[in-house]
Structure formats: C-alpha cells, structure tokens
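Here is the structure we will look at.
Proteins come first, then strands; the chains are lettered A, B, ... in the order of their sequence lines, and each starts at number 1.
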2 protein chains.
Amino acid sequence: MERNRPAAPTPLADVTLIGRHTQQRAVVVKAFIRAEGFVGAQALHNRLAADGSPVGLSTVYRTLTALADAGRADMVRDTSGERLFRYRPGPDHRHYLLCTECGLSRPVDSGPVEDWADTIARTSGFANVRHTVELSEVCPDCGRQRATAEHR
Amino acid sequence: MERNRPAAPTPLADVTLIGRHTQQRAVVVKAFIRAEGFVGAQALHNRLAADGSPVGLSTVYRTLTALADAGRADMVRDTSGERLFRYRPGPDHRHYLLCTECGLSRPVDSGPVEDWADTIARTSGFANVRHTVELSEVCPDCGRQRATAEHR
DNA sequence: CGCTAGATGGGAATGATTTTCAGATCAATG
DNA sequence: CATTGATCTGAAAATCATTCCCATCTAGCG
C-alpha cells in the first residue's frame with residue numbers, strides 16, 4: 001500500500017492544505033477520512049484513543065474546523081447542537097440525508113435547492129447568501145427495525 | 001391598558017396551548033410576539049428584565065421550547081450554536097433569510113425547496129424526512145454600512 | 001545543526017441549555 | 001370561600017460541547 005504516486009488519491013495531501021504538517025494532523029485526517037460519514041469531534045477523539053493514537057481533543061477540534069474552513073469538510077449540527085463533520089473529497093458543495101437513528105448519511109441531488117438559493121440571492125437584495133440544508137429522517141434499515149419493535 | 005375584551009386577536013390564546021395559564025407565560029409569550037423576528041432565549045430574558053417583568057431564565061427557556069414543540073415557533077441555530085426562536089402566527093412552515101449582522105429576518109418563498117424535499121422523501125426510501133434550511137447573509141442595510149466602513 | 005513561528009495538549013474557562021427541588025400558584029371541587 | 005393535589009416557577013447547581021491559555025514541543029528553513 002501507499003506507493004509513491006505523484007499526488008493523486010493521497011489523503012494526506014489534505015494535511016498540507018491546512019498549515020504545517022504534523023503527525024497528529026496526519027492521524028486525525030486519516031481517521032476522519034476513514035470514518036466515511038458525519039462524525040463529531042469527540043467521537044473522533046475517542047476513536048483515536050481507542051486505536052492507540054492519542055491526540056489532544058483541542059487538536060482534533062482545530063483540525064476539523066481547519067478542514068471545514070478550507071472547504072474540505074461539511075459541517076452540520078446535531079439536533080442536540082453538537083457539530084458533526086464529514087470529509088468532502090471533491091470540491092462540490094453537497095447536501096445529505098442523515099439518519100437520526102444510526103447516523104448513516106447519503107448524498108442527495110441538490111441541484112434544485114442550489115438553484116433556489118441562487119434565485120433568492122439574486123432577488124432579495126441581500127448580499128453573500130449562504131445556505132445550510134439538513135434533511136433528517138430514519139433510513140430504511142432503522143425504519144424496518146423500528147416497525148418490528150413496535151409489533152411486539 | 002388591558003381592557004377586558006372577549007377573546008379575539010388575543011395573542012394569549014397561545015398561552016393556553018401549552019399547559020397551564022400563568023402570568024409568567026403570558027408575559028413571555030407577549031414579549032416573544034412583540035419581538036417580531038428571531039430572538040434568543042437569553043435576549044428575551046434580558047428584554048423582560050429591562051421592561052420590569054423579571055421572569056426566570058428557566059421559564060423563558062421552557063416557554064420557548066414548549067411553543068416550538070407545539071409548532072407555534074420556528075427554531076434555527078446561530079452560527080455560534082445559539083438557538084433563535086421566531087413566533088409563527090399561522091400554521092405554515094416557512095423559511096427565512098437571516099442577516100448575520102443585525103438579525104433582521106425576512107420570509108422567503110420556499111415552494112421549490114418544499115417540492116424538492118418531498119421528492120427526496122418519496123424517492124429515497126427514507127421515512128419521515130424532515131428538513132431544515134437556513135439562509136444567512138448580510139441584509140441590504142448592513143451591506144451598505146459595511147461598504148462605507150471599508151472605504152474609510 | 002540552530003532557530004523560531006507555528007503546533008500541541010490538558011486543564012481551566014466559557015456559555016448556552018438543562019436539571020433540581022423547595023416553595024408558590026393554579027383550577028377543579030367540596 | 002377553603003381545600004388540595006397537580007403543575008409551575010426560579011435560583012442555583014449541573015451538563016456538556018467547545019474554546020482558551022500557556023508551557024512545552026517540533027517542523028522546516030537557513
């Protein structure tokens with residue numbers, strides 16, 4: 001693994017996008033990418049500790065917000081107010097369906113909302129419109145389980 | 001002030017929607033409605049104190065979340081994570097443009113997003129899709145002021 | 001190799017929200 | 001009108017995610 005290709009799917013390339021390259025950052029980014037879905041800073045921190053790569057909580061926070069600022073991560077808020085981050089491989093701005101039971105996330109076609117947001121931005125007189133869209137629900141799997149549970 | 005009218009456009013009707021009718025609740029709801037826009041629980045609490053109607057912060061929180069649960073208020077989150085509430089006179093679900101500088105809010109036509117959300121709900125296999133949309137920016141007034149400031 | 005701006009970590013600080021619980025209030029009833 | 005049990009209130013303490021502080025490290029340039 002990890003041949004020395006030029007600069008292609010190397011996830012660590014992201015580390016260099018956010019300041020100095022340090023071991024901790026590399027570890028955090030790697031784990032973050034491996035997570036494949038929305039993760040909270042604390043959850044990621046725990047995961048790292050469990051994997052035997054203790055990294056300070058502050059560092060996890062710093063790294064995640066830096067990635068978000070650099071546009072390499074999406075950020076949403078839990079119903080409880082907790083921040084969840086998701087690694088974004090490409091440059092596209094996306095929206096996701098997020099299961100409130102198991103955390104499973106799935107990207108959805110957001111073309112229509114983007115268009116709508118653009119229209120609002122153009123017609124409102126407001127400057128610099130940014131949007132956040134959150135769709136939350138229960139995914140097919142959890143829905144099935146829940147239905148079963150309710151039958152007992 | 002406070003004649004004894006029957007029970008017409010009395011905003012206090014809302015108070016009865018959320019449990020027992022008490023003076024504190026009446027005061028909070030009245031101030032909340034008067035606010036006409038998004039307010040934080042703490043801000044409302046301060047405003048009440050300034051108006052000489054001291055009500056416990058806990059009570060303000062309880063009242064606002066109760067209204068939100070009853071569908072009489074919309075709730076969004078500040079960039080800082082703080083919860084902001086807005087009184088909702090009718091039964092309609094709405095979305096707003098929220099100025100990040102002065103807090104001014106303005107409802108926007110959300111038909112397209114609603115349709116989009118419905119489509120997603122129908123095609124995703126996910127059950128019970130709910131959506132949150134936040135548009136934030138700088139309103140015309142603040143934008144003008146900011147431009148001026150930058151010129152000095 | 002030596003230097004220094006930038007990075008780390010862990011413990012304390014912050015700040016919004018929630019909980020606790022004793023005492024005050026409501027509203028239905030006798 | 002008085003009683004009474006359920007509900008509500010509020011001050012203070014508890015929570016909890018996130019940020020700040022700062023003494024200590026370490027990339028990475030010269």
Original post:
Any side-chain N or O of B/R62 less than 4.0 Å from the OP1 or OP2 oxygen of D/dT7?
Top reply: no

**OP:** Can you tell me the distance, in whole Å, between the CG atom of B/L57 and the C1' atom of D/dA14?
**Re:** 14 Å

Original post:
More 5' along DNA chain C: B/T22 or B/Q42, using each one's nearest nucleotide?
Top reply: B/Q42

Original post:
Could you state the CG-P distance from A/D69 to D/dT18, rounded to the nearest angstrom?
Top reply: 14 Å

Original post:
Side-chain N or O of A/S80 less than 4.0 angstrom from OP1 or OP2 on D/dA17?
Top reply: no

Original post:
Within the structure, does a side-chain N or O atom of A/R77 lie under 4.0 Å from either OP1 or OP2 of C/dA16?
Top reply: no

Original post:
D/dG10 phosphate, OP1 or OP2: any side-chain N/O from B/T59 under 4.0 angstrom?
Top reply: yes

Original post:
Where the side chain of A/H21 is defined as all heavy atoms beyond and including C-beta, which of C/dT17, D/dG28, D/dT18 is the nearest nucleotide?
Top reply: D/dG28

Original post:
What nucleotide among D/dG28, C/dT8, C/dT17 has an atom nearest to a side-chain atom of A/R25?
Top reply: C/dT8

**OP:** Using distance alone, with no hydrogens and no angle criterion, decide if B/D51 and B/S53 have a side-chain donor and acceptor under 3.5 Å apart.
**Re:** no

Original post:
Given atom CE of A/M75 and atom C1' of D/dT18, what is their separation to the nearest angstrom?
Top reply: 11 Å

Original post:
Roughly how many Å is it from CZ in B/F85 to P in C/dT17, rounded to a whole number?
Top reply: 7 Å

Original post:
Within the structure shown, what part of the strands sits under 4.0 Å from A/S58 by heavy-atom distance: base, sugar-phosphate, or nothing?
Top reply: base

Original post:
Under 4.0 Å: is that the gap between some side-chain N or O of B/Y61 and OP1 or OP2 of C/dT17?
Top reply: yes

Original post:
Would one find a side-chain N or O of A/Q24 under 4.0 angstrom from OP1 or OP2 of C/dA7?
Top reply: no

